[in-house]
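Worksheet: the structure to be examined is printed underneath.
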2 protein chains.
Amino acid sequence: MSVSIYDVAAEAGVSIATVSRILNKSAAVSPKKVAAVQAAMEKLHFEPNQFARGLVNKQANMIGVYMLDGDVSVFDSTYSIELLKGIQRVLTYQDKCMTLIVERPGFYKRAGGIPAYREYVRSKRIDGLILNGPLRAMMPPEVERELREMDFPVVYIGRQEESEFLNVYAHYVEYCLEILEHLRAKGHTNIIYYAISMHENYIRQVKSVTDTWQDGSRICFRLLHTGEMSREQYKKDLQKYVCGGEITAVCMPDYDQAVTMLGVCNELHIPVPDRLSMVAVTHRMDEAKQTYPPLSTLYVPAVDMGASAAELLLHRLNGDDIPETGIEYKPRYTERESVKEMTAPMTP
Amino acid sequence: MSVSIYDVAAEAGVSIATVSRILNKSAAVSPKKVAAVQAAMEKLHFEPNQFARGLVNKQANMIGVYMLDGDVSVFDSTYSIELLKGIQRVLTYQDKCMTLIVERPGFYKRAGGIPAYREYVRSKRIDGLILNGPLRAMMPPEVERELREMDFPVVYIGRQEESEFLNVYAHYVEYCLEILEHLRAKGHTNIIYYAISMHENYIRQVKSVTDTWQDGSRICFRLLHTGEMSREQYKKDLQKYVCGGEITAVCMPDYDQAVTMLGVCNELHIPVPDRLSMVAVTHRMDEAKQTYPPLSTLYVPAVDMGASAAELLLHRLNGDDIPETGIEYKPRYTERESVKEMTAPMTP
DNA sequence: TTGTACGCGTTATCAC
DNA sequence: GTGATAACGCGTACAA
């Protein structure tokens, strides 16, 4: 049924040690035997059994990627998807493969706070782990201790707060402020800033900074709870605040939401950018060029972050020197036509 | 270092056989020993080694999902992403996990046409396989023969043509025609139909049907090659055909492209649907409600297709009876505001 | 250069 | 109900 190293050895008329040596190039073997063994391997469709190999080598050639299915599915967020794309790209070029470990919502209640990846780690199914999400929620202290004791390779994607794993991150708070300052520089002082509810904590930090601004700016932060029909919310907000004459600019948390907002503007005959300027966060390079008008964006290079995370992990696995334990990515602001310079103060 | 069944047995003062029995509930064990062993397992953080287990059981609890990175990345296509979402959802609820096997473009030249999943199959890394993409390109005859000889569980997502794997599919050709017939019923006879280049073969089949229509319909099929700036193409097409007065309706291959097209319409002051009706294929439930105007869509339930594929595979693995070897999904057409009934023939 | 024999951590089949 | 012990397929020290 299943073909083993014994079958190959028998077919080629050598011992299993010789076959193994050829397989792993672990020692010199006479050319004739090499040829014979390779022929036998071809003929029998031999491929070393990964279980037997793993049992000896203690490595799975597999890395785990752990994410949370929260109010949004992992596959509903362009950020997560771009991360996965980057990770996948790097791993495909090495001969590692990746298993996606997705935690269902509310796991901390169900499983006593034990994240699903722990089983993978303990049972040696993965050699390393990439985490994305709220670190403290994803890793209770006891699990963290266990990982440290084993010296298990972990890369965390996100801002590292208490722990000291390898990590890759972009300063969310900083780039929120960057957007707002760009708008301020263009004379926009009344702004609505939409954010997804997951970022509530960050938004609080942003607000604590903008509250200190003394130029009369009024930034209205609005949290988007998924599942709600955001279009309806936008419509109400625009009717109230923009048609009311105060707001001159709006920030959207991603490309899809920006598109929706553009649609609402269109519906309400609010010209962009003449009556309302718009900026969006985006995770896919250049997608913002597809809209009309093309969107000014803050591009967060999630693909690159994912790729970096995977590279960092692979270096760690190879035992390479790792000069930097954390890599910061700076989002890039690109000015396009959706933002207008305010020359004179708006009068309703 | 690593804790094995021997350690647990020693700690609990029993033999490894007893530990194994408790682990797998494979025989009755006295309650006292059960308690002692469970305590020992807790204390030592024991988790059975998957390699040793797999070596004996010959199963990996892992299923492979194979896709092609063509001109578009797997993660750039909402169709693929929704498939993955569905597969993931099902597998997460069982205790199977999934590894994503992505083939880089041009593999058939590089590797002599041997798809990457073959190694996973031969080395017993996966118990089953889900395939999505052009079947003949993804599976040369020799590989197919090998899979059949092993009786390896495979589910193919897509229209099955020559082979007889389990499969899940939606008739692409049929639903193209469905869209066109909906438009025809509303009096649209001059239509541009955009499709992604991957679907070229299907489009040919669609065309061979529409060519037989005797009502003077003129359907212009345009292939979208990714990497091109589709927005520019749309702009030219609209200026030429719509402003020229012939075309009254347009079909878009997905939500993103529809959004782009809506932007172009907006830019060129072509009102939708008054001057141009629009229909889009979509893979995410309800996303088309977010645009303005809300899009009439043909919803292809890719999540459900992915979920079905995973379920089919799990049934196959469990040895359940499988009544139907193929499951057809029917896309659902939803009329929204982006299509207008043509009352009188357009006069330029 | 080559082959033998043992260990890796399980499960399963025996005797007891 | 329980405990030895033989597979499972591979890598490798050691002997030849």
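Order of the sequence lines fixes the chain letters, A, B, ..., with proteins taken first and strands second; residue numbering starts at 1 for each chain. A quick note: this is a predicted structure, and the numbers were derived from the prediction, not measured. The analysis underlying the following values was restricted to heavy atoms, covering all of them including side chains, and did not include hydrogens, waters or symmetry mates.
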Return a table of donor-acceptor pairs under 3.5 angstrom between the side chains of residues 130-142 of chain B and protein atoms on other chains or two or more places apart.
none

| task | Give me the first and last nucleotide of DNA chain C, going 5' to 3', that has any atom under 4.0 Å from a heavy atom of chain A. | result |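 It runs C:dT1 to C:dG9.
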
| message | Per the ring pair (Phe, Tyr, Trp, His ring centres under 6.0 Å) rule, what does the pair list look like for residues 3-25 of chain B, sequence neighbours excluded? | response |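 Ring pair (Phe, Tyr, Trp, His ring centres under 6.0 Å) check on residues 3-25 of chain B returns no pairs.
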
| field | Within residues 51-103 of chain B or reaching into it, pairs that qualify as ring pair (Phe, Tyr, Trp, His ring centres under 6.0 Å) - sequence neighbours excluded | value |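 For residues 51-103 of chain B, and leaving out neighbouring residues, the ring pair (Phe, Tyr, Trp, His ring centres under 6.0 Å) pairs sorted by first residue read B:Y66-B:Y117, B:Y79-B:H283.
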
| Between B:D7 and B:K43, is there a salt bridge with N-O shorter than 4.0 Å? |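 B:D7 and B:K43: not salt-bridged.
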
| query | Are B:R145 and B:E149 ion-paired here, with the side-chain N under 4.0 Å from a carboxylate O? | reply |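 Result for this pair is no, no salt bridge flagged.
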
| Any side-chain heavy-atom pair of B:M98 and A:M98 under 4.5 Å |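 They are not in side-chain contact.
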
For DNA chain C, the residues among [range] that have a non-hydrogen atom under 4.0 Å from it:
| range | answer |
| --- | --- |
| residues 5-22 of chain A | A:V14, A:S15, A:I16, A:A17, A:T18, A:R21 |
| residues 32-48 of chain A | A:K33 |
| residues 51-61 of chain A | A:L55, A:V56, A:K58 |

Show me, pair by pair, the donor-acceptor contacts under 3.5 angstrom made by side chains of residues 24-33 of chain A, not counting sequence neighbours?
from: A:N24; atom 1: OD1; to: A:R53; atom 2: NH2; distance (Å): 3.4
from: A:N24; atom 1: ND2; to: A:S20; atom 2: O; distance (Å): 3.0
from: A:N24; atom 1: ND2; to: A:S20; atom 2: OG; distance (Å): 3.4

| query | Do you know which of B:V34, B:V19, B:V8 makes side chain to side chain contact (heavy atoms under 4.5 Å, CB included) with B:V14? | reply |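 That would be B:V19; it is the only one of B:V34, B:V19, B:V8 passing the side chain to side chain contact (heavy atoms under 4.5 Å, CB included) with B:V14.
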
| task | Check every nucleotide of DNA chain D for an atom under 4.0 Å from a heavy-atom of chain A, then give the first and the last such nucleotide from 5' to 3'. | result |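 The footprint of chain A covers D:dG9 to D:dT12.
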
| request: With sequence neighbours left out, write down each residue that passes ring pair (Phe, Tyr, Trp, His ring centres under 6.0 Å) with B:F46, or none if nothing qualifies. | output: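 With sequence neighbours excluded, B:F46 shows a ring pair (Phe, Tyr, Trp, His ring centres under 6.0 Å) to no residue whatsoever.
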
| task | Looking only at non-hydrogen atoms, find the nearest pair between B:L83 and B:A302 and report the distance. | result |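 Here B:L83 and B:A302 meet closest at CD2-O, 3.3 Å.
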
| request: Indicate the atoms forming the closest heavy-atom contact of A:P115 with A:V143, along with that distance. | output: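 That closest heavy-atom pairing would be CD-CG2, 4.0 Å.
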
| task | Estimate the overall bend of the helix from C:dT1-D:dA16 to C:dC16-D:dG1 from the end axes over five pairs each, rounded to 10 degrees. | result |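 Between the first-five-pair axis and the last-five-pair axis there is 40°.
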
| field | Selection residues 112-129 of chain A - residue pairs positive for salt bridge (charged side-chain N to carboxylate O under 4.0 Å, His left out), sequence neighbours left out | value |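 Counting only pairs at least two positions apart or across chains, the salt bridge (charged side-chain N to carboxylate O under 4.0 Å, His left out) contacts touching residues 112-129 of chain A are A:E119-A:R125, A:R122-A:E146.
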
| message | Tell me if the CD atom of A:E324 is crowded by more than 12 foreign heavy atoms within 6.0 Å. | response |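 Enclosed: over 12 neighbouring heavy atoms sit under 6.0 Å from CD of A:E324.
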
Under 3.5 Å, side chain of [X] to main-chain N/O of [Y], donor-acceptor pair present?
| X | Y | result |
| --- | --- | --- |
| B:N167 | B:G158 | yes |
| B:E103 | B:A116 | yes |
| B:D69 | B:R104 | no |

| request: List the steps and the verdict of side-chain hydrogen bond (donor to acceptor under 3.5 Å, both in side chains) for B:Q88 and B:T92. | output: CA-CA 6 Å; B:Q88 174 67 47; B:T92 299; 2.6 Å; yes

